[in-house]
Amino acid sequence: MAIYLDDVSRTFGEYLLIPGLTTKQCIPTNVSLKTPLVKYKKGEKSAIELNIPFVSAIMQSVSDSGLAIALARNGGLSFIFGSQPIESQAEMVRKVKKFKAGFVTSDSNITPEATLADVLALVKRTGHTTMGVTDDGTPNGKLLGLVTSRDYRGEKDPKDRKVKEFMTPFSKLTVGEVGMTLSEANQIIWDHKLNTLPIIDKDQKLAYFVFRKDYDSHKDNPNELLNMTDKKLLVGAGINSRDYKERVPALVEAGVDVLCIDSSDGFSEWQKETLQWIKEEYNGKVLVGAGNVVDQAGFRYLVEAGADFIKVGIGGGSICITREQKGIGRGQATAVIDVAKARDKYFEDTGIYVPICSDGGLVHDYHMVLALAMGADFLMMGRYFARFDESPTKKLMVGNNYVKEYWGEGSNRAHNWQRYDMGGSESLKFEEGVDSYVPYAGKLKDNLDVTIGKIKSTMCSCGATTIPELQKNAKITLVSSTSIVEGGAHDVILKDHNR
Ligand SMILES: NC(=O)C1=CN([C@@H]2O[C@H](COP(=O)(O)OP(=O)(O)OC[C@H]3O[C@@H](n4cnc5c(N)ncnc54)[C@H](O)[C@@H]3O)[C@@H](O)[C@H]2O)C=CC1
Ligand SMILES: O=c1[nH]c(=O)c2[nH+]cn([C@@H]3O[C@H](COP(=O)(O)O)[C@@H](O)[C@H]3O)c2[nH]1
Ligand SMILES: [K+]
């Protein structure tokens with residue numbers, strides 16, 4: 001006979017938190033949202049700790065290098081989507097690893113033999129008036145001079161004048177050296193009243209420009225998620241259980257910090273083999289999460305196969321139709337609560353703490369606190385991040401509102417059919433996700449600041465200044481459907497319908 005579970009599958013909207021004692025120390029500025037990303041032994045620390053408990057979904061419409069940079073700069077981490085060719089995914093990883101706040105690779109470069117006409121054409125093309133003059137006209141060629149709009153008169157000067165005749169030559173330039181910090185570069189800019197500081201290497205090759213006007217937007221960000229040795233931003237990448245023997249080496253070579261096997265259903269021998277291959281091939285040095293699972297058996301299976309964290313959630317995502325299509329899944333809250341029990345039991349048995357990630361279905365900011373309180377160590381979100389400027393998709397006007405596109409990895413749009421190719425039969429192909437719009441919400445940082453503010457405030461109400469404290473002490477109650485009505489504005493005539 002089939003096994004019937006006693007508990008009902010429930011989701012976050014069916015619960016509320018009951019406040020605990022808020023002490024005078026319990027104020028938002030004292031709240032830390034630091035949380036482990038990968039497994040660690042009792043008494044030790046996780047090799048990667050997030051500064052905020054957020055990771056972005058492994059999706060084409062969410063996690064490219066642009067979002068990865070923005071999120072890591074704010075303390076979280078992106079997993080670059082894997083449903084693309086290996087080389088383009090590796091290139092996105094490289095782009096994040098190369099990023100240095102305030103250090104810009106020059107996109108306007110020219111040779112000394114070029115003419116004023118070439119300069120004017122380049123300004124038109126890039127929109128930038130500062131250009132590096134390099135021996136070969138590339139962004140990293142030997143630096144021979146600088147051209148800015150103050151070096152020529154576009155209307156009056158003869159168009160065939162050579163760059164070398166009007167550029168500021170290298171001998172007259174103030175330059176910085178590779179390895180200097182942004183604040184050192186800014187000090188030189190300030191002392192010499194410069195607009196641009198070229199940064200060169202020991203062979204006089206141009207590496208970056210630092211611009212005076214960027215100073216304000218690149219002040220040190222205390223929350224940045226960095227590798228403390230090389231100061232590079234951290235980045236993750238999604239992989240699958242098919243082409244991992246080619247994909248993983250390319251991603252590791254590109255400098256990826258952590259991988260995650262991306263699947264709707266991770267309780268499989270495919271994932272076990274993938275984990276074992278990676279752990280063996282790299283002597284346990286490459287970090288890799290697995291999932292998704294929704295119960296204790298799935299958690300245990302993947303942990304025993306070597307996973308560094310476990311992702312929880314089937315069918316709860318905003319663009320998900322897996323439950324409707326395949327009839328598999330579990331209410332997200334119930335899944336998190338159940339898997340958290342398995343994690344705690346495993347810790348008790350072995351002294352190894354394997355973090356769990358709640359993936360999909362988080363709609364309101366308070367859902368995030370609930371997920372953490374129920375035991376999630378960090379949260380994966382797609383819809384939330386898809387709404388921001390930094391996500392890779394187009395911003396459009398639909399009706400009177402700005403929206404951004406957002407589509408599921410299992411939707412037709414993602415062209416991810418090789419994953420459904422179970423034996424080559426065309427008839428087995430069906431969609432498991434939708435193509436949709438989400439309301440445009442502006443810059444990631446602005447939204448994140450509000451969300452984090454709310455989370456910290458709720459944690460203070462619960463008397464917790466850390467996530468482990470919240471997990472240990474939270475009081476959670478189920479709500480009836482009538483009390484959910486009571487929780488919204490009710491029995492009044494609202495003035496502003498766009499609330
Ligand atoms: N979290 C969720 O609820 C859902 C997520 N998704 C997303 O959609 C994307 C696709 O997910 P899936 O379809 O689950 O991808 P998948 O590649 O894990 O699974 C597709 C099918 O291929 C099989 N398979 C996997 N590795 C294999 C191998 N080496 N040889 C032969 N067969 C193999 C699987 O058992 C499954 O039947 C992912 O990005 C996933 O995150 C899709 C649906 C639901
Ligand atoms: O059933 C599905 N069909 C899909 O096409 C699909 N694409 C992504 N995902 C999963 O949804 C998560 C993002 O969920 P949210 O938008 O709710 O944050 C993601 O992190 C995934 O776990 C999918 N699920
Ligand atoms: K399975």
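Counting starts at 1 for both ligands and their atoms, following the listed order. Values below: every heavy atom of this structure, side chains too, minus hydrogens, waters and symmetry copies. Please read all numbers here as calculations on a predicted model, not as lab measurements. We count residues from 1, following the sequence as given.
Of the candidates Q84, R247, R94, R247 is the only one forming a side-chain hydrogen bond (donor to acceptor under 3.5 Å, both in side chains) with Q89.
Of all atoms in ligand 1, listed by their number and element, those nearer than 4.0 Å to a heavy atom of G315 are 2 (C), 3 (O). If you number the atoms of ligand 2 from 1 as listed, the ones under 4.0 Å from a heavy atom of M59 come out as 7 (N), 8 (C), 19 (C). Every atom of ligand 2 is numbered from 1 in the order shown, and the set under 4.0 Å from a heavy atom of M381 is 18 (O). If you number the atoms of ligand 1 from 1 as listed, the ones under 4.0 Å from a heavy atom of I314 come out as 3 (O). Per-residue contacts place G433 under 4.0 angstrom from the following atoms of ligand 2 (heavy atoms of the residue considered): 3 (N), 4 (C), 5 (O). Residue R383 approaches ligand 2 through these ligand atoms, each under 4.0 Å from one of its heavy atoms: 15 (P), 16 (O), 18 (O). Counting the atoms of ligand 2 from 1 in the order shown, those under 4.0 Å from a heavy atom of I319 are 6 (C), 7 (N), 8 (C), 9 (N), 11 (O), 23 (C). Set against the non-hydrogen atoms of G360, the atoms of ligand 2 under 4.0 Å away are 14 (O), 17 (O). Near E432, meaning under 4.0 Å from one of its heavy atoms, ligand 1 places the atoms 43 (C). Close approach to N292 involves these atoms of ligand 1, each under 4.0 Å from a residue heavy atom: 1 (N). Distances below 4.0 Å separate heavy atoms of I321 from the following atoms of ligand 2: 1 (O). Near G410, meaning under 4.0 Å from any of its heavy atoms, are these atoms of ligand 1: 8 (O). Residue M380 approaches ligand 2 through these ligand atoms, each under 4.0 Å from one of its heavy atoms: 20 (O). Less than 4.0 angstrom separates some heavy atom of D262 from each of these atoms of ligand 1: 38 (C), 39 (O), 40 (C), 41 (O). Heavy-atom proximity to T322, at under 4.0 Å, picks out these atoms of ligand 1: 43 (C), 44 (C).
One finds a salt bridge joining D349 and R300 here, because a Lys/Arg side-chain nitrogen approaches an Asp/Glu carboxylate oxygen to under 4.0 Å. A salt bridge does not link E405 to K395: none of the charged side-chain nitrogens sits closer than 4.0 Å to a carboxylate oxygen. D377 has a carboxylate O that lies under 4.0 Å from a charged side-chain N of R343, or vice versa, which qualifies the two as a salt bridge. A salt bridge does not link D64 to K95: none of the charged nitrogens lies less than 4.0 Å from a carboxylate oxygen.
Under the 4.5 Å side-chain criterion, counting only non-hydrogen atoms from C-beta, F54 is not in contact with N74. Contact of the Y346 side chain with the V354 side chain is registered, since non-hydrogen atoms from C-beta on lie closer than 4.5 Å. Inter-residue side-chain proximity for V479 and Y15 is flagged as unmet; no heavy-atom pair is nearer than 4.5 Å. Here the side chains of L251 and V286 are not in contact, with every heavy-atom distance at 4.5 Å or above. Side-chain contact between F211 and V104: present, with at least one pair of heavy atoms (C-beta onward) separated by less than 4.5 Å. Under the 4.5 Å side-chain criterion, counting only non-hydrogen atoms from C-beta, C260 is in contact with F309. The side-chain heavy atoms of M380 and F79, taken from C-beta on, include a pair separated by under 4.5 Å.
Using the six-membered ring where Trp is involved, Y440 and Y402 have ring planes that are perpendicular, over 60° apart on the 30 and 60° scheme. Ring pair F267/Y301 is tilted by interplanar angle, where 30° to 60° counts as tilted. Taking the six-membered ring for Trp and thresholds of 30 and 60 degrees, F12 and H367 have ring planes inclined between 30 and 60 degrees apart. Using cut-offs of 30° and 60° for the angle between ring planes, the H364 and Y366 rings count as parallel.
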Intermediate values then yes/no, side chain to side chain contact (heavy atoms under 4.5 Å, CB included), V369 and L372:
CA-CA 5 Å; V369 194; L372 295 169; 5.6 Å; no
Given V450 and K454, is the side chain to side chain contact (heavy atoms under 4.5 Å, CB included) satisfied, shown in steps?
CA-CA 6 Å; V450 174; K454 280 199 231 170; 4.0 Å; yes
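Proximity of I58 to ligand 2, defined as any heavy-atom pair under 4.0 Å, is not found for any part of the residue. Of the heavy atoms in C320, both backbone and side-chain atoms come closer than 4.0 Å to ligand 2. Residue contacts with ligand 2, taken as heavy atom pairs separated by less than 4.0 Å, involve Y406 solely via side-chain atoms from C-beta onward. Here T322 has heavy atoms under 4.0 Å from ligand 2 in both its backbone and its side chain.
For G410, a nitrogen or oxygen atom sits less than 3.5 Å from a nitrogen or oxygen atom of ligand 2, counting backbone and side chain alike. Residue contacts with ligand 1: S241 is placed with a nitrogen or oxygen under 3.5 Å of a nitrogen or oxygen of the ligand (distance criterion only). At a 3.5 angstrom cut-off on N or O pairs, I58 does not count as close to ligand 1. Checked by distance only, ligand 2 and G315 stay at 3.5 Å or farther apart across all their nitrogen or oxygen atoms. Of the polar atoms of S264, at least one N or O is found under 3.5 Å from an N or O of ligand 1, judged by distance alone. At least one N or O atom of G382 sits closer than 3.5 Å to an N or O atom of ligand 2. Considering backbone and side-chain atoms alike, G313 places an N or O below 3.5 Å from some N or O of ligand 1. Considering backbone and side-chain N/O of R242, one or more are found under 3.5 Å from N/O of ligand 1.
The 12-atom threshold is exceeded at NZ of K456, counting heavy atoms of other residues, nucleotides or ligands nearer than 6.0 Å. E253 CD: 12 or fewer foreign heavy atoms inside a 6.0 Å radius.
Counting heavy atoms only, S318 comes closest to atom 15 (P) of ligand 2 of the residues C260, S318, S263. When the heavy atoms of E432, R323, E409, K326 are ranked by distance to atom 7 (N) of ligand 2, first place goes to E409.
By the 6.0 Å and 45° rule, R387 stacks over the aromatic ring of Y384.
Contact between S411 and ligand 2 is present, with at least one heavy atom of the residue lying under 4.0 Å from the ligand. Remark: distances from the non-hydrogen atoms of N240 to ligand 1 are all 4.0 Å or more. Residue contacts with ligand 1 leave out G317, since none of its heavy atoms falls under 4.0 Å from the ligand.
Counting only protein atoms, the N, O or S atoms lying less than 3.4 Å from the K ion (ligand 3) are D265 OD1, D265 OD2, F267 O, ordered by chain and residue number.
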When the side chains of residues 288-296 are checked against the rest of the protein, which donor-acceptor pairs come out under 3.5 Å, sequence neighbours left out?
unit_1, atom_1, unit_2, atom_2, d
N292, OD1, K311, NZ, 3.0
N292, ND2, G313, O, 2.8
N292, ND2, D359, OD2, 2.9
D295, OD1, A297, N, 3.4
D295, OD1, G298, N, 2.9
Q296, NE2, D338, O, 3.4
Q296, NE2, D338, OD1, 2.8

